[in-house]
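Structure first, commentary second.
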Protein chains: 2
Amino acid sequence: MNIEQQAIDDKLATIFKVLSDPHRISILRILHENGHEMTCGEVGEQLNLAKSTVSYHFKALRKAGLTNTRKVGQTKMLSINETTFEQYLPHFFDVS
Amino acid sequence: MNIEQQAIDDKLATIFKVLSDPHRISILRILHENGHEMTCGEVGEQLNLAKSTVSYHFKALRKAGLTNTRKVGQTKMLSINETTFEQYLPHFFDVS
DNA sequence: ATATTAGTTCGATAATTATCGAACTAATTG
DNA sequence: CAATTAGTTCGATAATTATCGAACTAATAT
């Protein structure tokens, strides 16, 4: 295994770690199906978790580069980071 | 989110949990690049881990349906479970 | 200026996990 | 049969993780 491949696999492993929680997959699907930015609150509403827990998951998604965050006043808008999905998880949202 | 999608996402989450360890991704790549069945020992040799640890990872991969196992005498032959990859991880091995 | 709202951070906790060496089973070889 | 080999299982351990409620910050509304 060459060194670049190892770097990719480490990146993949961190992405997969983030995806290893069903709640986080749900968040991504909610975002994807919605088709445009959503506030943290809107997404979190559907998950039935403490808001601190939701915040924890959001941070994990953002840190792994799976979502974009944009602050608008008091709220934060979340969206899918298409670039990361295209590069590392092509066809992720096609699986059904 | 409908109930079938939830079932798929739970399955995906368990697959991703297995893939969240760099060693297990390595195992899969070794198998894929080799192109045909390998013994546990052959794969494990390249990982520099205790054989009990390797066995632990193999079991996780098998349990998630990512590999096939075939016992031949004293040894076990591992191979990629193409069906699972086609269904849940299309283009996984193309990422580079 | 006070109260509300959106989200983050903190401390605690229970559960899961990756790893090892040792002991084991089953198959093969001498 | 005895020794070796391939792989599994077990017990222990250290590290990570998902979750909560409480306290916090920053922005908005009354």
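Numbered from 1 within each chain, the chains take letters A, B, ... in sequence-line order.
The partner of D:dA15, taking Watson-Crick or G-U wobble pairs whose two distances both stay under 3.5 Å, is C:dT16. Remark: D:dG21 base-pairs with C:dC10. Criterion, Watson-Crick or G-U wobble with two distances under 3.5 Å.
The minimum heavy-atom distance between B:Y88 and A:V95, with the atom names listed, is O-CG2, 3.7 Å. Summarising the geometry of A:I27 relative to A:L47, their closest heavy-atom pair is CG1-CD1, 3.5 Å, with the distance given to 0.1 Å.
Look at CG on A:D21: it is 15 Å from C1' on C:dT17, rounded to the nearest Å. Atom CD in A:E42 sits about 14 Å away from atom C1' in C:dG7, given to the nearest Å. If you measure from atom CZ of A:F16 to atom P of C:dT17, you get 17 Å, rounded to the nearest angstrom. Atom CE of B:M38 and atom P of D:dA6 are 14 Å apart (whole Å). The interatomic distance linking A:I27 (CD1) with C:dG7 (P) rounds to 12 Å, in whole Å. Across the protein-nucleic acid pair, B:K76 atom NZ and D:dT9 atom C1' stand 12 Å apart, rounded to whole Å.
With rounding to the nearest 0.5 angstrom, the CG atom of B:L89 is 8.5 Å from the OG1 atom of B:T84.
Candidate nucleotides C:dG7, D:dG7, D:dA18 were compared by shortest atom distance to the side chain of A:C40, and C:dG7 ranks first.
Side-chain atoms of B:T75 never come within 3.5 Å of backbone atoms of B:T39 as a donor-acceptor pair (strictly under, hydrogens ignored). Under a 3.5 Å cut-off, the side chain of B:S20 and the backbone N or O of B:K17 do form a donor-acceptor pair. Side-chain N or O atoms of B:S26 include one that pairs as donor or acceptor with a backbone N or O of B:P22 at under 3.5 Å.
The aromatic rings of A:H91 and B:H91 sit parallel, their planes meeting at an angle under 30°, below the 60° perpendicular limit. The aromatic rings of B:F85 and B:F92 sit tilted relative to each other, their planes meeting at an angle between 30° and 60°.
For residues 47-58 of chain A, proximity to DNA chain C is found at A:K51, A:S52, A:S55, defined as any non-hydrogen atom under 4.0 angstrom from a strand atom. Of the residues in residues 59-73 of chain B, those placing a heavy atom less than 4.0 Å from an atom of DNA chain C are B:G73, in numerical order.
Among residue pairs with one or both ends in residues 23-71 of chain A, those qualifying as ring pair (Phe, Tyr, Trp, His ring centres under 6.0 Å) are A:H32-A:F93; sequence neighbours excluded.
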